[in-house]
Amino acid sequence: MKLYVYNTLSRSKEEFVPLTPGEIKMYVCGMTVYDLCHIGHGRCFVSFDLITRFLRYMGWKVTYVRNITDVDDKIIARAAERNESCEVLTERYIAAMQEDFASLGMLSPDMEPKATEHIAHIVTMIEQLIEKDYAYKAENGDVYYRVSHFAEYGKLSGKNPDELLAGARIEVEKLKEDPRDFVLWKAAAVDQVGWPTDLGYGRPGWHIECSAMSKDSVGETFDIHGGGEDLQFPHHENEIAQSEAANGCDFAKYWVHAGPLRIDGDKMSKSLNNFFTIQDVLAKYQSEVVRFFLISSHYRSPINYSEDNLREAQNGLERFYHAIRDVKAVELQDLNQSSAYDAFIAAMSDDFNSREAIAAMYELVNQINTAKVVGDMARAGLLVAELRGFGEILGVLQEDADKFLQAGSAEDLSEEIVEQLIADRAQAKLNRDYAKADKIRKDLMEKGVQLDDSREGTSWRRSS
RNA sequence: GGCGCGGUGGCAGAGUGGUCAUGCAGCGGACUGCAACUCCGUUAACGCCGGUUCGAUUCCGACCCGCGCCUCCA
């Protein structure tokens, strides 16, 4: 089946054809590590995790690179504020990021290059740009990119270079030849953060590190460049200008951008200070619920963060786990034997439409429940295995059903006590003492435990 | 102001030129000692105005509304 991907460069869905048959090189702009990741970051990187998982399932050999920007003015400012070194600060936030991302079910990228480990590559690239007249050194030692020399400037973000010029803010400094020019290298005093290099003592500007790291990790021309939608301009536009000018060839073939996460109608962002960290959210919801919430919309659509929507994601996952519960999954031969296979693959092959793929999985749930109703447990077992197989592609439904459904129950009740009360209630039911049986159930319900009777006995889960 | 994206039933959220999204919620029924879960049935939508068409929620145009980018941002 053909894969179609929306390419920001052409503003349309295109058939995906890798540069090298069977292989995909993907570079995604990662975090600038000066603070905890918020759930909007989670949304973005879960999207690329989902894309990577699906591409691999389809048999491509994917090299997934997600960089870490660990030198930057905000990092320097924050470190100064906290009276600690940049290294200590960034290491702490990198560790937190790894933990948060793992909680959201993300697989590790194949490479996570750091800007500070690529200073030499950055300097080399800047020197090439100067040599080719695409960059110039200003009086104070800064190096700027000469936007007027790059004819295709604006091709990704759809900006008209002349209008950018007209709309550019008046620069106070007279260092630039042109207000659109952006900094490649910032000269610094020796007591400031920086590196001694052939360009002088200083540090890289914001965009150049991605040009250097992508070249080092996936090459001069590669298949997919990803990132948040808000990076289209200026970051990605500038990356294109730098890389194509320095390397003299095309940069990324497909540009994939993840949509924003909104809260109360606005984009969640650091600058609006309207964000919840991933840790904030995980304190309230199971990690799988959060991931399921994030993949329940198409990756390019804005999604709204709200209690209601998280709750809905939880309800949806509970429906899946109720179906899985009490069914012994069989060993699965081929996922492509599943009745949901075509719909699922078609959905995911159409620009990674996870929501529609999930709809196909719900149809499987209905079949599982029907099989359970008629007592065809062999069939149920097969269908559950299929369901889990699809779940694996999306990075969900790998949990034990009881574990998922019981998580977050009242903490002052041990499993033993619950089991004992269930036994007491079973005895009461045998004695036809329904008043007592109902009281036990009601008391447990008030403590957050819901009892479910079935032919096989009574099971329990967190009440919602 | 420039560029771009979107407005779908009570809510969330896909999709399509002419019978179904899907989930939650609602309603009716089954199951159950009563519930929950589940099953069966069912209600209900395509911002507004024109155009193309035998037929448009789907294509085209105008309008209204919301959002994003244009400055640090995933």
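Residue numbers begin at 1 in each chain, while the letters A, B, ... track the order of the sequences.
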Query raised in the report: Are A:Y254 and A:F16 near enough that their ring centres are under 6.0 Å apart?
Result: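 Between A:Y254 and A:F16, the centre distance is under 6.0 Å.
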Query raised in the report: For the ring pair A:Y285 and A:F293, is the centre-to-centre distance below 6.0 Å?
Result: no
Report summary line: Picking from B:C72, B:A12, B:A74, the nucleotide nearest the side-chain atoms of A:N309 would be B:A12
Query raised in the report: Of all the choices, B:A74, B:G2, B:A14, which nucleotide is nearest to the side chain of A:D230 once you look at every atom?
Result: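 Comparing B:A74, B:G2, B:A14 against the side chain of A:D230, the answer is B:A74.
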Query raised in the report: Between A:F233 and A:G259, which is nearer to the 5' end of RNA chain B once each is assigned its nearest nucleotide?
Result: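 So the residue in question is A:F233.
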Query raised in the report: Closest nucleotide of RNA chain B for A:Y434 versus for A:C29: which of these residues is on the 5' side?
Result: A:Y434
Query raised in the report: Within a reach of under 6.0 Å around CG of A:D264, are more than 12 heavy atoms found that belong to other residues, nucleotides or ligands?
Result: no
Report summary line: Writing each nucleotide of RNA chain B 5' to 3' as (, ), [, ], | or . by Watson-Crick or G-U pairing under 3.5 Å yields (((((((..(((.....[...))).(((((.......)))))....(.(((..]....))).))))))))....
So what does [X] touch, heavy atoms closer than 4.0 Å: a base, only the sugar-phosphate, or nothing?
X: A:I358; result: nothing
X: A:S269; result: base
X: A:K74; result: sugar-phosphate
X: A:G30; result: sugar-phosphate
X: A:K270; result: nothing
X: A:E229; result: sugar-phosphate
X: A:S301; result: sugar-phosphate
X: A:H298; result: sugar-phosphate
X: A:M361; result: nothing

**Report entry** Geometric cation-pi criterion A:K13 and A:Y4, 6.0 Å radius, 45° cone
**Finding:**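 No.
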Query - Rounded interatomic separation in angstrom, taking OH from A:Y362 and C1' from B:G15 - result: 17 Å
**Report entry** Between P of B:G68 and CZ of A:R11, the distance in whole Å
**Finding:** 16 Å
Requested in this report: Using a 4.0 Å cut-off on protein heavy atoms (strictly under), produce a 5'-to-3' string for nucleotides 34-46 of chain B with B for base contact, S for backbone-only sugar-phosphate contact, and - for none.
Outcome: BBBSSSS------
Report summary line: For A:Y6, the ring-ring contact (aromatic ring centres under 6.0 Å, His included) test, sequence neighbours excluded, returns none
Query raised in the report: B:A74 base to A:R66 side chain: any donor-acceptor pair below 3.5 Å?
Result: no
Requested in this report: Look at the side chain of A:E356 against the base of B:G15 and say whether a donor-acceptor pair falls under 3.5 Å; ignore hydrogens and angles.
Outcome: no
Query raised in the report: Is the closest side-chain donor-acceptor distance between A:Q406 and A:E415 under 3.5 Å?
Result: no
Requested in this report: May I have the step-by-step check of side chain to side chain contact (heavy atoms under 4.5 Å, CB included) for A:H225 and A:H257, ending in yes or no?
Outcome: CA-CA 8 Å; A:H225 192 127; A:H257 288 103; over 6 Å; no
